Amino acid sequence: MEEAVSLLPELAIKEKHVQEHRLPDLADVTGEVRMRLAPSPSGPLHVGHSRMAILNDEYVRRYGGKLYLRIEDTNPSNIDLDAYHLIPEDLEWLGVKVHEIVVQSKRMNIYYNEAKKLIERGSMYICECQQSDFKNLKLQSKACPHRERSPETNMAAFEKMISGGYSKGTVSAVVKTDLNHPNPSIRDWIAFRVKEETHPLTGKTYFAYPMMNFSVAVDDHYLDLTHVIRGKDHLNNTEKQSYIFHYMGWKKPHYYHYGLVHIPGTILKTSIIKKGIRDGTYSGWSDIRLGTLLTMKRRGYRPETFRKYWVGSGMREIDSEFSWEIFNSINREIIDPDARRLWFVPNPTRLKIQGSSELKSSAPFHPGNPSLGERTYSLGSEPEIFIPEKDWLSIRENERFRLKDLCNVIRTPTGIRYADNSHEDLKKIRIVQWTPSDSSDFIVEKPDGSIDRGKIEPLFSKVKGVSQFERYGYVNIDPEKRVGYYLH
RNA sequence: GCUCCGAUAGUGUAGUCCGGCCAAGCAUACCGGCCUUUCAAGCCGGCGACCCGGGUCCAAAUCCCGGUCGGAGCACCA
């Protein structure tokens, strides 16, 4: 290797420029790791979710081990049945290797059993206070009247609770913590509550559902997780969950909390998207305006882009702004080598090239990759063509400009006239893309919800996937529908 | 208000735990040049940052204290 470097000094220089970010090592790794992704099934995944998926996957790949997908469906009022299959599909597309899927609603008896152990040990009690009373007492660091009841009484109440003996809001199972804890939300937190809704998966089987902090602690233990990576918004939850680990004498996994990312310029909130789909504002989960993985896939983003971006962002606890600029630049690097060039003319203006003999055009599908072939058109004499209205409006009379890969023309008072086909002053004159008169109508849907209508050159039918519309942008095209989805 | 986090160029980050190799690296954006029949890509060069104030130390982006700014959580969501 050293020899090679000295023989090719430019290689050594190159080496310096490809330095990539590497995620920090995890603490206390002994052999394999076991980690998890824990989304709630309220809808498909979006860009924000992709971070936790990629980060966890990266580490399981680095150290070997097991990655669980744990569907957290213990709140029957916030479940979308489609999410149970959409989430694994999103992950597969992202290239995240899930080894096992765990569904919490199928583990209810595990949670009940652990709760009973805590009740026996006097670490959990059943509270029958009014919600507001319970809250007020806690704020004053005072115990509620049910806190010191005997384990037997609590056990009986818990049995009644899980068999449907209480109605919603009248009872809860509470984990004893520390009533003097400075953070009121950490004081005696609720572990189970009654839900009367029908659960999409288990129907009316259960009446008492665990709160996230309880089921997460129990599952993290029984799945024998070594490391947990999640957003900073879980910092308080980590502290709440640690009480369970402490009471049970369980060994805690290592926790990492990455900072929150603000993702500008797109719609991510599942509740808003759902409402929009219901009332017809959005066409579905892959509506062009959304930030779901389904939408991004449809626009032509590559899964590798997500991985590279999130690995580069690391695991710091700083909050940050998602950079579309950088994200798109990563994606561009991946797609550009295969992106065929095409001419698309938005808002076309039809012009006749006066005074021309028969014209022919020939342009490569990719200037950097001649093997992708070329597109050629024979136009006859004095052909009609389309150019973008925007260009036409800014071209002055007598201005000589070039129709790319065709010929130079001059604007006359009434239209355009053939000038020449000199390549000499290409750097000085305006070069405009054009399409022949027999071009197809084509529509480009853009992420801001707007639509560009125009003409696309006939040979677009040979192209599928992401192409680069010259002087316009990258577009993922659907030749059948004659529609493209704007990428960047 | 309370609790807990954090602060490196326009943006995203490396370095911070174990102070010196950091007169701070990389990417992106921007500027200039080359190449090019795209306002794409590529290549070369450039601009640009350790929040502020004290302290410890031979030495601080790194440790300590105070301030400022930003963020998260705050109880029957996950």
Side-chain angles (χ1 to χ4, degrees), chain A residues 16-22 24 27 38-42 71-75 77-78 104 127 131 134-135 138-139 168-174 181-195 208-213 215-216 230-240 257 259-262 270-271 308-314 316-330 332-333 335-337 339 341-343 361-364 366-369 402-408 421-423 425-427 429-433 468-474:
Chain A
K16 259 171 84 177
H17 290 282
V18 278
Q19 176 197 325
E20 297 252 319
H21 289 305
R22 186 171 191 269
S40 67
S42 53
I71 311 259
E72 310 223 320
D73 58 347
T74 54
N75 180 6
S77 25
N78 185 32
Q104 288 193 319
C127 168
Q131 283 185 36
F134 181 70
K135 187 173 175 174
K138 256 171 64 166
L139 281 174
K168 185 184 173 181
T170 59
V171 69
S172 60
V174 180
H181 195 286
N183 183 349
S185 83
I186 311 279
R187 296 173 196 159
D188 284 27
W189 51 268
I190 292 174
F192 286 85
R193 80 295 209 193
V194 172
K195 281 273 176 183
Y209 290 88
M211 298 292 291
M212 171 264 204
N213 278 308
S215 51
V216 162
R230 54 182 173 180
K232 216 169 109 176
D233 47 327
H234 286 289
L235 242 18
N236 280 333
N237 294 325
T238 301
E239 192 175 350
K240 290 189 190 181
H257 299 94
L260 261 68
V261 193
H262 174 242
T270 309
S271 55
K308 203 169 172 194
Y309 185 85
W310 290 126
V311 168
S313 296
R316 314 183 69 194
E317 278 192 27
I318 332 169
D319 300 328
S320 62
E321 183 89 353
F322 183 84
S323 170
W324 286 102
E325 200 173 85
I326 291 172
F327 191 78
N328 288 343
S329 145
I330 294 171
R332 187 179 300 123
E333 202 177 310
I335 57 160
D336 186 77
R341 270 53 173 171
L342 287 174
W343 290 320
S361 166
S362 176
H366 195 302
N369 185 359
R402 181 161 184 83
L403 299 170
K404 189 166 184 284
D405 296 303
L406 184 65
C407 65
N408 303 325
N421 196 15
S422 160
H423 294 185
D425 42 10
L426 288 173
K427 279 179 187 114
I429 66 174
R430 186 200 303 253
I431 299 170
V432 174
Q433 87 275 28
Q468 187 206 96
F469 290 2
E470 292 189 33
R471 300 180 70 230
Y472 182 83
Y474 294 87

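Here is the naming used below: chain letters follow the sequence lines, and residue numbers restart at 1 for every chain. What you see is a predicted model; the values in this text were computed from it and never measured.
- In this structure, C26(B) forms a base pair with G12(B), meeting either the Watson-Crick or the G-U wobble geometry with both donor-acceptor distances under 3.5 Å.
- Asn408(A) CG to Leu403(A) CG: the interatomic distance, rounded to the nearest 0.5 Å, is 8.0 Å.
- Between Lys240(A) and U3(B) there is no side-chain polar atom (N or O) within less than 4.0 angstrom of OP1 or OP2.
- Note on Arg193(A): a side-chain N or O is less than 4.0 Å away from OP1 or OP2 of C77(B).
- An OP1 or OP2 oxygen of A14(B) is reached within less than 4.0 angstrom by a side-chain nitrogen or oxygen of Arg316(A).
- Considering only side-chain N and O atoms, Thr74(A) lies under 4.0 angstrom from the phosphate OP1 or OP2 of A78(B).
- Separation of the P atoms belonging to A24(B) and A9(B) is 15 Å when rounded to the nearest angstrom.
- One atom, CZ of Phe322(A), and another, C1' of U13(B), lie 14 Å apart when rounded to the nearest Å.
- Between the CD atom of Gln468(A) and the P atom of U37(B) there is a distance of 15 Å, rounded to whole Å.
- Ser361(A) contributes a side-chain N or O that, together with a main-chain N or O of Asp405(A), makes up a donor-acceptor pair within less than 3.5 Å.
- Remark: the backbone N or O of Asp319(A) is not paired with any side-chain donor or acceptor of His262(A) at under 3.5 angstrom.
- A49(B) and A27(B) have their C1' atoms separated by 15 Å, with the value rounded to a whole Å.
- Phosphate contact (OP1/OP2 of A41(B), side-chain N/O of Arg332(A), threshold under 4.0 Å): present.
- Taking 4.0 angstrom as the limit, Ser320(A) places a side-chain polar atom (N or O) nearer than this to OP1 or OP2 of U13(B).
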Legend entry - Test log, rule ring pair (Phe, Tyr, Trp, His ring centres under 6.0 Å), inputs Trp310(A) and Phe327(A): CA-CA 9 Å; Trp310(A) 290 126; Phe327(A) 191 78; 7.7 Å; no

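- As a whole-Å value, the separation of Asp233(A) CG from C77(B) P is 17 Å.
- Straight-line distance from the CG atom of Leu406(A) to the P atom of U38(B): 15 Å, rounded to whole Å.
- Phosphate proximity of C74(B) to Arg187(A): absent, as no side-chain N or O sits under 4.0 Å from OP1 or OP2.
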Between the protein and nucleotides 65-67 of chain B, are there any N/O to N/O pairs under 3.5 Å, and if so, what are the atom names and distances?
none

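- Of the possible polar contacts, none joining the Arg193(A) side chain to the Ala191(A) backbone as a donor-acceptor pair under 3.5 Å is found.
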